[in-house]
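Structure record follows, encoded as structure tokens.
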Amino acid sequence: MPELPEVETVVRSLAPRLTGRRILRAHFSSRHVVRENFRRLAARLAGQTVHSVTRHGKFIVAALDSGNLIVHLGMTGRLLFDSPTGPHTRAIFELDEGTLVYDDPRQFGRIEWAPELPARVARLGPDAFLIAENDFLQLLRKRNARIKPLLLNQSFIRGMGNIYSDEALFQAAIHPRAIASRLSKARAQRLYRAMIDVLGAAIDQKGSSISNYVDSEGRRGAFQNMHQVYGREGEPCSRCGAKIRRIVLAGRGTHFCPRCQRM
DNA sequence: TCAAATGTTTGATC
DNA sequence: GGATCAAACATTTG
């Protein structure tokens with residue numbers, strides 16, 4: 001489920017119901033999702049009150065009395081209030097009011113506690129939705145890498161994922177293999193605006209519900225209905241009618257219009 | 001049976 | 001260092 005707009009939507013649904021709540025008990029059942037000792041983590045969380053819930057790139061950070069509960073949803077992670085547990089339930093947080101369940105079929109998600117944001121999280125690039133235009137343009141100029149994999153690189157900017165990278169590049173009419181440092185200023189500005197625009201529109205629509213994505217109240221997003229290229233291989237481009245193509249770049253399916261998006 | 005899936009990390013190679 | 005590519009992680013779905 002997890003690109004910036006989905007994580008932002010989850011955080012917004014989580015914050016009002018989780019802030020001020022006390023974690024009574026926690027239970028864990030996946031060594032892939034929880035890398036530390038289950039009981040030690042549960043003991044660490046028991047009795048702690050949640051002071052805030054925020055987003056850091058694609059990470060969810062719940063500030064506690066002491067330290068932070070940090071959750072990454074991976075590909076298929078979901079946090080759900082008062083949901084029945086199932087075969088893919090990997091964690092349960094019993095609260096003083098209600099229960100928060102973590103479900104994750106593929107178990108690519110992670111749950112951890114840390115006194116501060118771990119270096120590997122704190123060190124990520126600037127947030128894709130908050131970065132200033134000039135900062136973005138300067139970062140692009142320094143990189144001789146292809147633009148699509150670069151947008152996916154969380155050390156470059158944090159929050160972009162496969163769907164929104166393809167959609168932003170389409171909106172900016174830039175080929176996914178274009179070299180970042182060689183983009184003209186006008187094209188780089190177009191990409192910045194497209195990125196902010198696509199992310200903002202997706203947040204407004206509460207994310208893209210492909211596969212199993214829902215927010216913490218179980219509500220689906222609607223932005224999947226507005227995708228112009230992602231998941232539309234072979235369909236006509238909404239702008240020019242050419243067939244949308246799918247290639248593989250950096251191991252990820254990459255969708256684009258070969259006529260609109262030029263090097 | 002095979003390919004692909006909203007992500008990240010690690011290692012090999014140039 | 002960068003950059004590219006492949007593989008790994010684990011499971012479901014078409």
Side-chain angles (χ1 to χ4, degrees), chain A residues 1-11 29-35 55-60 70-79 86-90 102-112 118-125 128-129 139-169 176-182 198-199 201-203 205-215 220-234 245-255:
Chain A
M1 43 179 351
E3 297 185 39
L4 189 154
E6 289 75 32
V7 178
E8 179 66 24
T9 303
V10 169
V11 165
S29 56
S30 166
R31 278 190 273 167
H32 303 287
V33 172
V34 174
R35 298 301 175 92
R55 179 182 65 76
H56 186 90
K58 300 176 192 172
F59 289 82
I60 297 165
I70 300 161
V71 179
H72 193 294
L73 301 171
M75 289 277 247
T76 54
R78 312 198 292 179
L79 282 165
H88 303 122
T89 297
R90 314 297 184 188
Y102 179 75
D103 257 72
D104 189 353
R106 289 175 72 177
Q107 304 175 86
F108 285 177
R110 296 288 179 270
I111 297 174
E112 63 188 309
R120 63 169 214 291
V121 178
R123 210 191 281 136
L124 298 176
F129 194 53
L139 285 181
L140 284 180
R141 276 196 305 178
K142 287 191 282 193
R143 295 299 200 114
N144 296 314
R146 296 164 309 176
I147 188 64
K148 162 74 190 277
L150 189 58
L151 291 174
L152 293 178
N153 181 349
Q154 303 296 298
S155 302
F156 177 68
I157 48 170
R158 70 176 118 105
M160 291 294 279
N162 207 34
I163 297 173
Y164 300 107
S165 297
D166 283 0
E167 293 297 321
L169 288 170
R177 276 200 251 254
I179 302 300
S181 60
R182 299 211 273 260
V198 164
L199 291 174
I203 292 170
Q205 298 294 311
K206 305 193 187 301
S208 299
S209 280
I210 60 168
S211 177
N212 68 347
Y213 167 72
V214 290
D215 73 10
R220 292 165 51 81
F223 197 71
Q224 67 279 5
N225 301 316
M226 325 254 284
H227 293 170
Q228 303 294 302
V229 287
Y230 181 83
R232 305 184 71 97
E233 182 186 12
R245 278 195 57 197
R246 179 186 176 281
I247 59 174
V248 175
L249 268 189
R252 309 301 302 277
T254 296
H255 314 74

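Here is the naming used below: chain letters follow the sequence lines, and residue numbers restart at 1 for every chain. Both backbone and side-chain heavy atoms feed into the values below; hydrogens, waters and symmetry mates do not. From a predicted model like this one, the values you see are computed outputs, not experimental measurements.
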So do [Y] and [X] actually touch side chain to side chain, heavy atoms under 4.5 Å?
X	Y	result
A/I70	A/H56	no
A/E6	A/S208	yes
A/D166	A/Q228	no

Choosing from [options], which nucleotide comes nearest the side chain of [X]?
X	options	value
A/H88	B/dT8, C/dT11, C/dC5	C/dT11
A/R252	C/dC9, C/dT12, B/dG7	B/dG7
A/M75	B/dA5, C/dT12, B/dT8	B/dA5
A/N144	C/dC9, C/dT4, C/dA3	C/dA3

OP1 or OP2 of [N] less than 4.0 angstrom from a side-chain nitrogen or oxygen of [X], does that happen here?
X	N	value
A/R110	B/dT8	no
A/R35	C/dC9	no
A/Q154	B/dT8	yes
A/H32	C/dC9	no
A/R106	C/dC9	no
A/Q107	C/dC9	no

Roughly how far, to the nearest 0.5 Å, is the [atom2] atom of [Y] from the [atom1] atom of [X]?
X	Y	atom1	atom2	answer
A/Q224	A/I210	CD	CD1	8.5 Å
A/M160	A/E167	CE	CD	10.0 Å
A/R220	A/N212	CZ	CG	10.0 Å

Specify the separation, in whole Å, of atom [atom1] of [X] and atom [atom2] of [N].
X	N	atom1	atom2	result
A/R78	B/dA5	CZ	P	20 Å
A/K148	C/dA3	NZ	C1'	17 Å
A/L152	B/dT9	CG	C1'	14 Å
A/L249	B/dA4	CG	P	14 Å
A/I70	B/dT8	CD1	P	15 Å
A/Y213	B/dA5	OH	C1'	17 Å
A/E6	B/dA5	CD	P	16 Å
A/I179	C/dG2	CD1	C1'	12 Å

Which of these passes side chain to side chain donor-acceptor pair (under 3.5 Å) with A/S30: A/Q107, A/R35, A/R110?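 Filter result, single survivor: A/Q107.
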When the P atoms of B/dC2 and C/dA7 are compared, how many Å lie between them, rounded to an integer?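 To the nearest whole Å, 16 Å.
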Integer angstrom distance from the C1' of B/dA5 to that of C/dT4: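 One C1' to the other, the span is 22 Å.
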Reading 5' to 3' and counting Watson-Crick or G-U wobble pairs with both distances under 3.5 Å, write the dot-bracket notation for DNA chain C, | for bases paired outside the strand. .||||||||.||||
If you assign each of A/K142 and A/G251 to its closest nucleotide in DNA chain C, which residue comes earlier from the 5' end?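 Upstream on the strand: A/K142.
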Where do A/L249 and A/L152 land on the side-chain contact (heavy atoms from CB on, under 4.5 Å) test, with the steps shown first? CA-CA 11 Å; A/L249 268 189; A/L152 293 178; over 6 Å; no
Are the ring of A/F108 and the six-membered base ring of B/dT8 within the stacking cut-offs of under 5.5 Å and under 30°?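 According to the criterion (under 5.5 Å, under 30°), no, A/F108 does not stack.
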Which atom pairs link the protein and nucleotides 12-14 of chain B when you take only N or O atoms and keep those under 3.5 Å?
none

Using the test side-chain hydrogen bond (donor to acceptor under 3.5 Å, both in side chains), find all partners of A/T9 that sit at least two apart in sequence or belong to another chain.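 A/T9: no side-chain hydrogen bond (donor to acceptor under 3.5 Å, both in side chains) contacts found.
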What class does the angle between the rings of A/Y164 and A/F223 fall in, given that below 30° is parallel, 30 to 60° is tilted and above 60° is perpendicular?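 Ring orientation, 0 to 90° scale: tilted.
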Report which part of the nucleic acid A/R246 touches: base, sugar-phosphate, or nothing (heavy-atom distance under 4.0 Å, all strands).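 Sugar-phosphate contact only - A/R246 comes under 4.0 Å of backbone atoms but never of a base.
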Go through the steps for A/D104 and A/R78 under the test side-chain contact (heavy atoms from CB on, under 4.5 Å), then give the verdict. CA-CA 6 Å; A/D104 189 353; A/R78 312 198 292 179; over 6 Å; no
